[in-house]
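Because the structure is predicted, anything quoted here is derived from the model rather than measured. Starting from 1, each residue takes its place in the sequence as its number.
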Amino acid sequence: MRGLLRIAVLLSALLSLPALFPRMQVERPGPVVLIMDGEEAIEQARFTGKTFLQLMQEYRALGVQGVALYEQSVRNWVNRGLLTFHPANTLQLVYPNAQIKPGWFYLTGPADLLDAMVARWNIPTERVLIGTQSWLATPVNVDFFPAGYDLALARELKAQGFYIVARPFDHPYRKYDVELVPSETDAVAFAGLDVLGYKDNLEVVAAGLQGKPVAWIEGTPQRGFAQLAKALPVKRLFSIRPEWQDKLSPAETADKFVLAARERGHQLLYLRPYKQSGDTQQFLTILKRDLERSRIPIGTPTVRDFNPSPLRFVALVGVLAGLALLVVGLPQPLGMPAVVLLVLLALGVARGDAAPLLAAMVFPALGFLERHLQGLRLWLAAVLYSLAGVVFLAALGSTPQSVLGLDPFRGVSLTLVVPPLLVALSFLPTAYKPALNFLYNHPFKLGEVAIALVGLAVVALAVLRRGNDAAPSIVPEWELQLRAFLQDVMVRPRFKEIFAHALAPMALLLPWPSWIRNTLLVLVAVGMGSILNTFAHYHTPLSISFFRVLNGILIGIGLGLVGVWAFRRLREWWLR
């Protein structure tokens, strides 16, 4: 029975591999476009005494090919001198004999600009003649109402070959059946925490954007984006908040952008200038150089879309075979109840994506059930089963939405918690009543308690440090520096995996009592779960995840073998 199930797992994994090719063809890093924030660049141009276009030409020589243009508010046009704005009480002072409505607000300026603004608002307005000028009167304060784009600037930038990113902002009194962004726009990045038209006008907005790509901003989920993404192409955008960038050196900032392009699939790199122009030039110089070193081209990014292969459903057979192996591998009669609980848990957490979650929970533990294997062959079996689970997880979970990060993997914590629990469960004896009596009567030993507490602390730390946003207090400064160093010289492995693979030789090649060996193997299972956890980051290219896992295996097993040698020498010295 087990032999047939192993063959089913192997064949399913081999047949599921081609299902990964459509994803691999579109997730190669680059091309990326460097986009400068238009508003902040305008401020820097004023500070340096240059025109905006002159400054952008300087940035262009350093690799910047894109500009983000914000939709202007009425206040912006007033500050630029294109509009004159007065509430009723101040305008009455200027024109004491005019018929001015108390509490209203008045604007005057170029007629075409006023007409364009009125077309964007769904509030009542009036045109009145006051003095010798035509004024636009509104019953509400329109100071921060959307007032269109600088179309002349957009045309000039487009004529010079820049990639234009429009940044519209929403307002409860705006219309959506007008031109939402300039025709020169290449991509749209919404400002604020909501997309344009959230929540009742998303269909109108999707039609009004006319197929222009929308930017999925890293770390800034915007309500309504998932609905728009169903109708519009999506490109991943990475940026750093100004207050955070001010704390980083130009080299550190450039490193984060290169990492985003190389390992997280970002195509739109949204830049902001430093306060000092010299820092900005240094930042752009380093960024361009490091992108070239990473062989990431700068150019016009393409939409990463693909059709998942029908072969992906072959992976379901492998997942079912893995569940059956778990049933027969666990002590009886625990196998079937444990699998039923896992299936219910996966359905409750991931619902329609339960199969990838089951693969991530089950396969890291299966190698430890091969008790006929001795030494490092047991560890190798655990690695091979985990890699088979990787194929099933990636084949079943890779969709355009998940690769873009719109439909993330559900149940990340379970991939680190469940495998060690299953391995621990596998060590329970079949005759559980005598075992429970033995445990109940076992003499209390501080050493055993200390080891158990250390093991629990390691598992808890692995769960707390999951993902890319672990609390700084959990990750010490020396480790952050080590991460940065490894990131510069290779695809950085995860420390959980290095630690687990290093424990494997220590657990399997040294003469421990069985309870210590089993405890160490439970910790090794955390690393096997981390392998699946690594590939559960769908937005990371498969090749990057593969080399991250491979580097973790090589470094970890190397450190473990050194640890075995050192422990044996230490033991000989102690006994002597």
Side-chain angles (χ1 to χ4, degrees), residues 22-35 37 65-69 71 163-170 176 180-182 184-199 201-239 257 260-271 296-308 352-353 394 397-410 468 536-542 544:
R23 170 182 167 180
M24 295 175 67
Q25 290 175 346
V26 302
E27 65 179 3
R28 296 173 183 171
V32 298
V33 59
L34 309 186
I35 303 162
D37 185 283
Q65 299 287 341
V67 183
L69 296 181
E71 184 173 17
Y163 188 93
I164 305 297
V165 175
R167 303 217 61 186
F169 68 93
D170 210 357
Y176 302 96
L180 300 175
V181 295
E184 294 81 9
T185 299
D186 295 294
V188 180
F190 301 106
L193 298 178
D194 298 333
V195 303
L196 200 63
Y198 179 80
K199 43 186 156 172
N201 297 281
L202 293 175
E203 293 183 1
V204 180
V205 170
L209 292 179
Q210 300 177 351
K212 297 185 184 299
V214 289
W216 176 240
I217 304 174
E218 174 84 357
T220 308
Q222 295 171 309
R223 293 187 299 179
F225 192 93
Q227 293 91 317
L228 282 184
K230 296 177 181 178
L232 297 170
V234 178
K235 296 179 180 178
R236 286 175 62 84
L237 182 148
F238 179 76
S239 65
F257 278 96
R262 186 181 67 207
E263 299 188 12
R264 301 214 295 273
H266 292 91
Q267 298 170 286
L268 308 179
L269 303 185
Y270 194 97
L271 316 177
I296 301 175
I298 297 176
T300 302
T302 57
V303 175
R304 288 174 173 164
D305 196 8
F306 63 95
N307 294 318
D353 295 325
S398 296
T399 64
Q401 291 74 25
S402 65
V403 171
L404 287 168
L406 298 174
D407 189 12
F409 182 86
R410 297 178 181 87
N468 298 317
H537 292 77
Y538 291 129
H539 59 270
T540 300
L542 287 172
I544 296 294

Taking side chain as C-beta onward, heavy atoms only, is [X] less than 4.5 Å from [Y]?
{"X": "L34", "Y": "Q65", "answer": "no"}
{"X": "V181", "Y": "L209", "answer": "yes"}
{"X": "L268", "Y": "P301", "answer": "yes"}
{"X": "D353", "Y": "F409", "answer": "no"}
{"X": "V403", "Y": "F306", "answer": "yes"}
{"X": "V33", "Y": "L269", "answer": "no"}
{"X": "D37", "Y": "L271", "answer": "no"}

Those residues at least two apart in sequence (or on a different chain) that pass ring pair (Phe, Tyr, Trp, His ring centres under 6.0 Å) with F225 are W216
Ring pair (Phe, Tyr, Trp, His ring centres under 6.0 Å) against F257, all qualifying residues, sequence neighbours excluded =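 For F257 the ring pair (Phe, Tyr, Trp, His ring centres under 6.0 Å) partners, ignoring immediate neighbours, are F238, F283.
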Please report the closest heavy-atom contact between [X] and [Y], naming both atoms and the distance.
{"X": "P308", "Y": "P400", "result": "CG-CD, 4.2 Å"}
{"X": "D305", "Y": "V26", "result": "O-CG1, 3.5 Å"}
{"X": "G265", "Y": "R304", "result": "O-NH1, 2.8 Å"}
{"X": "Q267", "Y": "T302", "result": "NE2-O, 2.5 Å"}
{"X": "L228", "Y": "L202", "result": "CD2-O, 3.6 Å"}

Would you mind writing out the side-chain donor-acceptor pairs for residues 186-196 within the sub-3.5 Å range, not counting sequence neighbours?
{"unit_1": "D186", "atom_1": "OD1", "unit_2": "K158", "atom_2": "NZ", "d": "2.7"}
{"unit_1": "D186", "atom_1": "OD2", "unit_2": "K158", "atom_2": "NZ", "d": "2.6"}
{"unit_1": "D186", "atom_1": "OD2", "unit_2": "I164", "atom_2": "N", "d": "2.8"}
{"unit_1": "D194", "atom_1": "OD1", "unit_2": "R223", "atom_2": "NE", "d": "2.8"}
{"unit_1": "D194", "atom_1": "OD1", "unit_2": "R223", "atom_2": "NH2", "d": "3.3"}
{"unit_1": "D194", "atom_1": "OD2", "unit_2": "R223", "atom_2": "NH2", "d": "3.1"}

To the nearest 0.5 Å, atom OH of Y198 lies from atom CD of Q227 at 7.0 Å
So, taking the atom named OH in Y270 and the one named CD1 in I217, what distance separates them when rounded to the nearest 0.5 Å?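 Here the rounded value is 8.0 Å.
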Audit row: E218, L237, side chain to side chain contact (heavy atoms under 4.5 Å, CB included) steps and yes/no
CA-CA 6 Å; E218 174 84 357; L237 182 148; over 6 Å; no
Could you check whether any side-chain N or O of [X] sits under 3.5 Å from a backbone N or O of [Y], counting only pairs where one atom can act as donor and the other as acceptor?
{"X": "K199", "Y": "G224", "value": "no"}
{"X": "H539", "Y": "G405", "value": "no"}
{"X": "R262", "Y": "P29", "value": "no"}
{"X": "T185", "Y": "P182", "value": "yes"}

(message) Salt bridge check, R167 against E71: does any charged N sit closer than 4.0 Å to a carboxylate O?
(response)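 Salt bridge flag = no for R167 with E71.
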Salt bridge (charged side-chain N to carboxylate O under 4.0 Å, His left out) pairs touching residues 22-33, sequence neighbours excluded, are R23-E27
Pairs in or reaching into residues 398-409: which pass salt bridge (charged side-chain N to carboxylate O under 4.0 Å, His left out), with residues at least two apart or in two chains?
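For residues 398-409: D407-R410.
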Quiz item: Do V32 and I296 pass the side chain to side chain contact (heavy atoms under 4.5 Å, CB included) test, and can you show the C-alpha distance, the side-chain angles, and the key distance before you say yes or no?
Solution: CA-CA 7 Å; V32 298; I296 301 175; 3.9 Å; yes
Among residues at least two apart in sequence or on other chains, which ones pass side-chain hydrogen bond (donor to acceptor under 3.5 Å, both in side chains) with D170?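 In terms of side-chain hydrogen bond (donor to acceptor under 3.5 Å, both in side chains), with neighbours along the sequence ignored, D170 is linked to Y176.
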